[in-house]
There are 2 protein chains.
Amino acid sequence: MAILERMHLAIIREVDQHGSLTAAAQRLHLTQSALSHTMRKLEDQLGVAIWRREGRSLHPTQAGEYLLAVANRLVPQLSHAEERLKQFARGECGALRIGMECHPCYQWLLKIVSPYLAAWPNVDVDVKQKFQFGGLGALFGYDIDILVTPDPLYRSGLLFEPVFDYEQVLVVGPEHPLRDAVYVQPEQLLDEVLITYPVAIDRLDIYTQFLMPAGISPRRHKPIETTDIMLQMVASGRGVAALPRWLVEEYAAKLNVRAIRLGQAGIAKQIFLGVREADADIDYLRAFVELARVR
Amino acid sequence: MAILERMHLAIIREVDQHGSLTAAAQRLHLTQSALSHTMRKLEDQLGVAIWRREGRSLHPTQAGEYLLAVANRLVPQLSHAEERLKQFARGECGALRIGMECHPCYQWLLKIVSPYLAAWPNVDVDVKQKFQFGGLGALFGYDIDILVTPDPLYRSGLLFEPVFDYEQVLVVGPEHPLRDAVYVQPEQLLDEVLITYPVAIDRLDIYTQFLMPAGISPRRHKPIETTDIMLQMVASGRGVAALPRWLVEEYAAKLNVRAIRLGQAGIAKQIFLGVREADADIDYLRAFVELARVR
DNA sequence: TCTATCAATGAATATTTTTCATCAAGGATG
DNA sequence: CATCCTTGATGAAAAATATTCATTGATAGA
């Protein structure tokens, strides 16, 4: 009845990753012959070719491509389930896979994780930041268990909860003319170099909530990957950036940067934690959310 | 290395569904002994009990519950993948699993499906309406391939496209005092029985966009499952309902109901089709979206 | 208390997987 | 262009694994 087995999925992945049956066989601690037989049998049973044999190499057919996509989706889930069950055996509660969708959240997260690790010594924490299908996709796809994001989604099978309020501010260096301003207007950034994390503009609040409504663009827009470098650049007068106020204040001691309100009212932000509804009653998961909310 | 196999997942599902190893064995065309051995071995390898043996029956342990959840999630995906591959073999393109998140969309969908089936004779169409984790969850979880919904989500790994504009209107029966009104105000529903589909109020536009902004509640709120019965009720003067204008007009011929604009401006709605980004270039899937957009 | 039913178990058996040995063919190399 | 190395395919043998059979012990219900 059932023909497609975990081994088939494992094989097609390894072949894709290492280019040949022989290499895949080594990684799976089997012989080339074993894999050849196994896959040949699958092809016979399904009646479809998985690879086109061209010369001495294998190229996935359309069916093969499909199988590969399935394998890449399901094999990690099987592995993780197995891992999880072994953890049950060791009396460990499990592993908490946290996904991050906003760059500065990472700094905040670090402050939550360490008391959490202390309180739950037998829960492993793993933080992931890159998602093929976005944070929501990762949550739905069981790649992560908790999503840290500024954009909640109040429907479907997910639960979101706000855990942290902060203000998004402009950061300027020691020589900057705006240094002592109470707040800044969009027009005042016309001649500036704006440094941001390298994400789409419609995910940057300084654009969506501040510059775009006023129809303003900064002189130049420079994407920088890491917070440290970003602030170094700001401190040395190479540009301005938009970051959470608490983050700027932490750096202010050593870097001589200043936080300035964006607009008269400021930009208020919240960080949310999202979990799958089905997981809502897992104790070590709830505990994390509650710990995060308190701080 | 890999211990958890498809068979284990199949067994725990069947045992859950049919209550005993013996019954599960029958369904899997194996003996009770085979299943017992298989699962015992798994338990030994993982070092964790899947079931508590109480008297002559099996109750899942915590680990068992977890494994069951995994199985219920992954086994259907494996089966579907296998089915899909067999379709490749038969030269069929595949199956289009359509998920519906709005009740009246169903009527609209029927009009798209029949020309689609004609144009793609070797694609099967399957329509699903109940989702454990919402329509988005079903899309992310590979339970469906296309989601029909009035609420798009423009981010993550999904693509949404509007395919149909319509107006949400109030439906009244032949004797109703509002029958000849050009439009209706929220206050005029104060003394009415409002019939809707049985979904949460915040997913009903007549509430979110019409009644709630005015702070009005109808005299009574009656949920009805099917469109036909709903309109029968309206026609016989038992209440009023909110439905798409085109739907009402189709029924108007035989049922003597009338569509009345909601508010002076009316309520404009759109139906969207959502697909996974990764699937965006599958021809028979694209074709469906395009066909839907044209009509 | 008796009986029917369930799960567990050990040994025997059947099946499947894997390896081994070998071949054929394709690239690479000089 | 011949040679050499590597790759995948294949059939038969061997090993490993899964399955059955036969039986036991336990238990819920009559």
Side-chain angles (χ1 to χ4, degrees), chain A residues 1-61 63-65 67-68 71 75 78 82, chain B residues 1-61 63-65 67-68 71 75 78 82:
Chain A
M1 187 117 287
I3 10 194
L4 193 57
E5 290 295 329
R6 182 174 182 174
M7 180 55 79
H8 301 122
L9 303 181
I11 293 175
I12 199 168
R13 289 185 93 208
E14 294 294 341
V15 170
D16 175 64
Q17 215 168 349
H18 300 97
S20 76
L21 261 192
T22 313
Q26 275 188 324
R27 291 196 51 94
L28 294 170
H29 306 290
L30 289 170
T31 60
Q32 170 269 129
S33 178
L35 302 203
S36 181
H37 281 299
T38 306
M39 292 307 278
R40 165 53 55 104
K41 187 174 166 192
L42 178 72
E43 291 183 321
D44 288 347
Q45 286 177 316
L46 292 176
V48 71
I50 300 299
W51 289 297
R52 248 174 310 114
R53 276 77 172 172
E54 281 175 4
R56 58 179 176 182
S57 58
L58 304 174
H59 297 278
T61 59
E65 293 284 3
L67 189 60
L68 178 60
V75 170
L78 282 166
E82 204 174 290
Chain B
M1 185 117 287
I3 357 192
L4 193 56
E5 291 296 329
R6 183 174 181 174
M7 179 56 79
H8 301 122
L9 303 182
I11 293 174
I12 199 169
R13 289 186 93 208
E14 293 295 340
V15 170
D16 175 63
Q17 214 169 350
H18 299 98
S20 77
L21 261 194
T22 312
Q26 275 188 323
R27 291 198 48 96
L28 294 170
H29 306 292
L30 290 170
T31 60
Q32 169 268 130
S33 179
L35 269 53
S36 180
H37 280 299
T38 305
M39 292 307 278
R40 163 53 55 105
K41 187 174 166 192
L42 178 73
E43 290 183 321
D44 288 348
Q45 286 177 316
L46 293 175
V48 70
I50 301 299
W51 289 297
R52 249 175 309 114
R53 277 76 172 172
E54 279 175 2
R56 57 182 176 182
S57 60
L58 304 174
H59 298 279
T61 59
E65 294 284 2
L67 188 61
L68 178 61
V75 170
L78 282 166
E82 203 173 290

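Labels below follow one simple rule: chain letters A, B, ... track the order of the sequence lines, proteins then strands, and each chain is numbered from 1.
Nucleotide dC20(C) holds its P atom 14 Å from the CG atom of Leu35(A), rounded to whole Å. Rounded to whole Å, atom P of dA18(D) lies 12 Å from atom CD1 of Ile3(B). Note: CD (Glu5(B)) to P (dT17(C)) measures 10 Å, nearest angstrom. Arg53(A) has its CZ atom 15 Å from the C1' atom of dA24(C), to the nearest Å. The NE2-P distance, from His18(B) to dC6(C), rounds to 13 Å in whole Å. Nucleotide dT23(D) holds its C1' atom 12 Å from the CD atom of Gln32(B), rounded to whole Å. Distance CD1 (Ile11(B)) to P (dA7(C)): 12 Å, rounded to an integer number of Å. With rounding to whole Å, Glu43(B) atom CD is found 8 Å from dA8(C) atom P.
Partner Met39(A) forms a side chain to side chain contact (heavy atoms under 4.5 Å, CB included) with one of Ile50(A), Val15(A), Asp44(A) and no other, that one being Ile50(A).
Expressed to the nearest 0.5 Å, how far CG of Leu28(B) lies from CG of Leu35(B) amounts to 6.0 Å. Here the straight-line distance linking atom NE2 of His18(B) with atom CZ of Arg13(B) works out to 10.5 Å at 0.5 Å rounding.
At least one donor-acceptor pair under 3.5 Å links the side chain of His8(A) to the backbone N or O of Glu5(A). Between the side chain of Glu82(B) and the backbone N or O of Ala2(A), no donor-acceptor pair lies under 3.5 Å.
Using a 4.0 Å heavy-atom distance criterion, Ser57(A) is classed as making no nucleic acid contact.
For dT10(D), its base sits under 3.5 Å from the side chain of Ser33(A) at one donor and acceptor pair at least. For a distance-only test at 3.5 Å, the side chain of His37(A) fails to qualify as a donor-acceptor partner of the base of dG8(D).
Of the two residues contacting DNA chain C, namely Thr31(A) and Ser20(B), the nearest-nucleotide position lying further toward the 5' end is that of Ser20(B). Comparing Lys41(A) and Thr22(B) by the nucleotide of DNA chain C that holds the closest heavy atom to each, the one mapping nearer the 5' end is Thr22(B).
Out of dG8(D), dT19(C), dT20(D), the shortest distance to the side chain of Ala34(B) is found at dT20(D). Counting only heavy atoms from C-beta on, Arg56(A) has its side chain closest to dT7(D) among dA9(D), dT5(C), dT7(D).
Under 4.0 angstrom from either OP1 or OP2 of dA9(D) there lies at least one side-chain N or O belonging to Ser36(A).
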